Asks: 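Before I ask anything, let me first share the structure, which is written out below as structure tokens.
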Amino acid sequence: TQLLEQSPQFLSIQEGENLTVYCNSSSVFSSLQWYRQEPGEGPVLLVTVVTGGEVKKLKRLTFQFGDARKDSSLHITAAQPGDTGLYLCAGVDNAGNMLTFGGGTRLMVKP
Amino acid sequence: DAGVIQSPRHEVTEMGQEVTLRCKPISGHNSLFWYRQTMMRGLELLIYFNNNVPIDDSGMPEDRFSAKMPNASFSTLKIQPSEPRDSAVYFCASSFLDSTDTQYFGPGTRLTVL
């Protein structure tokens, strides 16, 4: 069974700071997704990465898929209070097994 | 377009009572998922349906939990009898294709068992 480990588990920063969160596994993934969950809501898809080394940008968010497709990172530039939430990575392994979620990184951006 | 709809949004019940959570997936989606989320254990998959058929129920905690999908537009998750340790937020999600596809989550049902 694949295991997706996210780090850090908790992160509290000031508005304007940069941050990076990580999603790591010993398994190779055919695709990896990042979701954001705001308080009181369900997770919402931010991006899907499928190619090793792929980089995708979504405004101030930069997502990178590792060359070996075993890990991914999410970098946020100039964080804002609206970025506060739980960030979840989820992957589908090469065997085509179902989407599995990591434990999440809980981010708080203080004004 | 309406997203995934869940009801109720909040449920408070006493230990031993039956609880039924309801979900209406996005129209045209072929897969439906039930998850449970707690601070300690994160997001856990309980059961996955494809074309109304349960495909993977290995995450269902025990016999007290049961889920049904009588048609493509409705599913229920039932807990009988409920216990305090069942307190959590329960999410329903749907996807267009299968278990590898992007999932669209409902707003969740916050269950408190006293």
Side-chain angles (χ1 to χ4, degrees), chain A residues 1-12 21-25 27-50 56 58 63 69 72 85-108, chain B residues 1-10 21 23-26 29-50 53-59 77 88-112:
Chain A
T1 303
Q2 60 184 1
L3 180 65
L4 278 165
E5 293 193 3
Q6 292 191 242
S7 61
Q9 287 184 286
F10 301 96
L11 187 58
S12 180
V21 298
Y22 301 91
C23 174
N24 296 299
S25 177
S27 299
V28 176
F29 293 100
S30 60
S31 67
L32 196 138
Q33 300 176 359
W34 284 93
Y35 290 76
R36 178 169 64 206
Q37 183 180 11
E38 297 184 11
E41 301 294 333
V44 175
L45 179 71
L46 294 174
V47 76
T48 301
V49 286
V50 296
K56 281 192 174 180
L58 189 65
F63 303 85
R69 291 186 288 135
S72 181
L86 177 67
Y87 289 81
L88 295 159
C89 66
V92 177
D93 66 19
N94 270 349
N97 288 322
M98 57 193 305
L99 193 67
T100 302
F101 283 83
T105 292
R106 197 168 295 274
L107 171 67
M108 176 174 288
Chain B
D1 288 341
V4 175
I5 299 172
Q6 291 187 247
S7 65
R9 290 295 309 272
H10 302 273
L21 311 181
C23 175
K24 177 178 169 56
I26 293 173
H29 280 195
N30 294 303
S31 292
L32 183 141
F33 309 82
W34 282 102
Y35 289 89
R36 177 173 66 180
Q37 187 177 44
T38 61
M39 286 291 290
M40 290 296 294
R41 300 173 68 92
L43 195 64
E44 301 174 279
L45 177 68
L46 300 177
I47 188 168
Y48 154 51
F49 291 88
N50 184 257
V53 176
I55 303 300
D56 183 352
D57 65 354
S58 58
L77 177 67
V89 181
Y90 290 81
F91 287 102
C92 176
S94 69
S95 70
F96 179 62
L97 291 174
D98 57 22
S99 60
T100 66
D101 199 7
T102 300
Q103 296 182 18
Y104 296 82
F105 285 78
T109 295
R110 181 174 294 277
L111 173 65
T112 302

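Below, each value reflects all heavy atoms present in this structure, side chains not excepted, and no hydrogens, waters or symmetry copies. Nothing here was measured: the structure is a model prediction, and the numbers come from that model. To find a chain, count down the sequence lines: A is the first, B the second, and so on, and within it residues start at 1.
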Asks: If I measure from the heavy atoms of chain A, does M39(B) come under 4.5 Å with its side chain, its backbone, both, or neither?
Replies: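 For M39(B), the side chain is the part near chain A, not the backbone.
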Asks: Taking all non-hydrogen atoms of both residues into account, name the closest pair between Y35(A) and Q103(B) and its distance.
Replies: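 Closest pair (atom of Y35(A), atom of Q103(B), distance): OH-N, 3.1 Å.
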Asks: To check you understand the geometry: which heavy-atom pair defines the closest contact between Q37(B) and L86(A), and what is its length?
Replies: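 Result for this residue pair: NE2-CD2, 3.5 Å.
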Asks: Say you draw a straight line from OG1 of T102(B) to CG of L99(A); how long is it, rounded to the nearest 0.5 Å?
Replies: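 Spacing of OG1 (T102(B)) from CG (L99(A)) equals 8.0 Å.
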Asks: Go through the atoms of R9(B) and report whether side chain, backbone, both or neither lie under 4.5 Å from a heavy atom of chain A.
Replies: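 For R9(B), the contact with chain A is made by the side chain alone.
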Asks: I'd like to know which of Y104(B), F91(B), F33(B) tops the heavy-atom pair count under 4.5 Å against chain A.
Replies: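 Ranked by contacts with chain A, first place is F91(B).
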Asks: Enter the distance from D101(B):CG to Q33(A):CD here, rounded to the nearest 0.5 Å.
Replies: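 D101(B) CG to Q33(A) CD: 7.5 Å, rounded to 0.5 Å.
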